Peer 1: 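I'd like to ask you about the structure that follows.
All ligand and atom numbering here is 1-based and tracks the order in the structure. These numbers come from a predicted model, not from an experiment. We're numbering straight along the sequence, starting at 1.
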Amino acid sequence: MKKNIAETPKTKSLPHHLAVIMDGNGRWAQKRGLSRLKGHRAGVKNIRPLIKYLHNKGVKYVTLYAFSTENWHRPEGEVSGLFHILEEIIGEESRELNEKGVRIHHIGSLEGLSSKLKKSINAALKLTEKNTFMHLAIALNYGGRTEILDAVRKIIADGLKPNKVDEASFRKYLYASDFPDVDLVIRTGGEMRISNLMIWQTAYSEYYFTPVLWPDFDEKELEKALIAFSQRQRRFGGLKSK
Ligand code: IPE
Ligand code: IPE
Ligand code: MG
């Protein structure tokens with residue numbers, strides 16, 4: 001009998017919070033003589049099976065980096081095309097995610113997004129707000145530095161005294177403040193950088209970089225990343241692995 005993915009012993013210690021930098025859509029398309037938007041379409045289509053896999057495994061928190069504050073530097077046609085693709089996918093997938101007990105979160109700013117995309121994000125947040133089985137954050141128009149600055153502004157506006165600002169109180173001002181620190185960051189597409197993703201929450205993350213381009217990153221590749229993670233020794237400055 002085929003073994004259920006969730007029971008695979010190789011990936012016993014799973015990340016509680018997994019963040020994914022889904023990079024390489026453009027190069028994937030270029031290699032095939034296709035437009036960059038075709039690459040984004042293929043990339044976005046790739047999300048579904050991977051979320052299903054992580055859901056089966058019981059990974060509780062997942063963050064997907066979909067659009068950074070720096071991605072505004074791209075040509076307008078690519079940005080609007082990508083927003084259109086994202087708006088469609090969020091609309092199409094949220095019902096099924098809701099049935100599976102997934103709560104969708106958005107991190108970043110809604111400002112500057114097309115009104116249709118804002119609408120589809122807000123509808124997905126509302127539809128899934130009571131779910132607790134799995135939390136999925138879409139980092140869209142997101143920047144780690146902006147997140148920290150936004151937190152500082154809120155802290156000042158709340159009139160917190162300097163001696164009340166510590167790591168625990170600070171993190172409550174971050175966008176998805178109920179999310180734990182990131183355990184594992186996966187970046188596809190070969191670059192070895194974090195491109196402004198969750199700089200506070202990744203201070204002690206494990207990193208997994210792969211040259212595989214995002215649209216080609218399938219369940220097998222994901223499993224490889226999870227196995228690599230389960231073999232890491234995390235000491236957090238101490239001497240024993242935790
Ligand atoms: C990732 O793919 C998607 C976004 C950043 C929106 P890219 O579009 O960055 O693909 P490459 O890096 O150009 O191949
Ligand atoms: C990072 O990819 C952002 C997302 C995947 C959304 P980029 O392609 O924008 O990153 P850089 O420009 O290579 O750092
Ligand atoms: Mg890129």
Peer 1: Under a heavy-atom criterion of less than 4.0 Å, does Gly189 contact ligand 1?
Peer 2: no
Peer 1: Among Asn25, Ile21, Val79, which one puts a heavy atom closest to atom 2 (O) of ligand 1?
Peer 2: Asn25
Peer 1: How close do Leu136 and Ile51 get, counting heavy atoms only, and between which atoms?
Peer 2: CD1-CD1, 3.8 Å
Peer 1: Just checking Phe179 against His105, ring centres under 6.0 Å apart?
Peer 2: yes
Peer 1: Between Arg36 and ligand 1, find which residue part has any heavy-atom pair under 4.0 Å and reply side chain, backbone, both or neither.
Peer 2: side chain
Peer 1: With hydrophobic residues grouped by side-chain heavy-atom distances under 4.5 Å, do Ile89 and Ile21 end up in a single group?
Peer 2: no
Peer 1: Mind checking salt bridge (Lys or Arg N to Asp or Glu O under 4.0 Å) for Glu129 and listing every partner two or more places apart, or none if nothing turns up?
Peer 2: Lys126
Peer 1: To which protein heavy atom is atom 13 (O) of ligand 2 closest, and what is the distance rounded to 0.1 Å?
Peer 2: Arg193 NH2, 2.8 Å
Peer 1: Please determine whether side chain to side chain donor-acceptor pair (under 3.5 Å) holds for the pair Asp183 and His16, giving the CA-CA distance in whole Å, both sets of side-chain angles, and the decisive distance to 0.1 Å.
Peer 2: CA-CA 6 Å; Asp183 296 297; His16 195 44; 5.6 Å; no
Peer 1: With distance as the sole criterion, is a donor-acceptor pair present between the side chains of Ser68 and Asn71 under 3.5 Å?
Peer 2: yes
Peer 1: How many protein atoms of type N/O/S are positioned less than 2.8 Å from the Mg ion (ligand 3)?
Peer 2: 1
Peer 1: Supply the atom-to-atom distance Asp178 CG to Arg103 CZ, rounded to the nearest 0.5 angstrom.
Peer 2: 7.5 Å
Peer 1: Report, in ascending order of atom number, the atoms of ligand 1 lying under 4.0 Å from any heavy atom of Arg27.
Peer 2: 11 (P), 12 (O), 14 (O)
Peer 1: What protein heavy atom is closest to atom 10 (O) of ligand 1, reported as residue, atom name and distance in Å?
Peer 2: Gly26 N, 2.9 Å
Peer 1: Compute the minimum heavy-atom distance from Gly39 to ligand 1 and say whether it is under 4.0 Å.
Peer 2: no
Peer 1: Considering both backbone and side-chain atoms of Leu82, is one of its nitrogen or oxygen atoms within less than 3.5 Å of a nitrogen or oxygen in ligand 1?
Peer 2: no
Peer 1: More than 12 non-hydrogen atoms from neighbouring residues, nucleotides or ligands closer than 6.0 Å to CZ on Arg48, yes or no?
Peer 2: no
Peer 1: Which residues pass the ring pair (Phe, Tyr, Trp, His ring centres under 6.0 Å) test with Tyr208, not counting sequence neighbours?
Peer 2: none
Peer 1: Measure from NZ or CZ of Lys60 to the centre of the six-membered ring of Phe133 and say whether it is under 6.0 Å with the direction within 45° of the ring axis.
Peer 2: yes
Peer 1: Go through the side-chain N and O atoms of Asn196 and Glu70 and say whether any donor and acceptor fall under 3.5 Å apart.
Peer 2: yes
Peer 1: If you draw the axis of the six-membered ring of Trp72, does the NZ or CZ of Arg74 fall within 45° of it and under 6.0 Å from the ring centre?
Peer 2: no
Peer 1: Do Asn71 and ligand 1 have an N or O pair less than 3.5 Å apart?
Peer 2: no
Peer 1: Provide the number and element of each atom of ligand 2 under 4.0 Å from a heavy atom of Ser195.
Peer 2: 1 (C), 10 (O), 11 (P), 14 (O)
Peer 1: For ligand 1, which atoms have a heavy atom of Ala66 less than 4.0 angstrom away?
Peer 2: 6 (C)
Peer 1: Side-chain donor-acceptor contacts of residues 151-163 below 3.5 Å, not counting sequence neighbours, with atom names and distances?
Peer 2:
residue: Arg153; atom: NH1; partner: Asp150; partner atom: OD1; Å: 2.7
residue: Lys154; atom: NZ; partner: Tyr173; partner atom: O; Å: 3.1
residue: Asp158; atom: OD2; partner: Tyr173; partner atom: OH; Å: 2.7

Peer 1: What's the shortest distance from atom 7 (P) of ligand 1 to any protein heavy atom, and which residue and atom give it?
Peer 2: Asp23 OD1, 3.5 Å
Peer 1: Given Arg74, Arg187, Glu191, identify the one with the heavy atom nearest to atom 1 (C) of ligand 2.
Peer 2: Arg187
Peer 1: Could you list the atoms of ligand 2 found under 4.0 angstrom from a heavy atom of Phe67?
Peer 2: 6 (C)
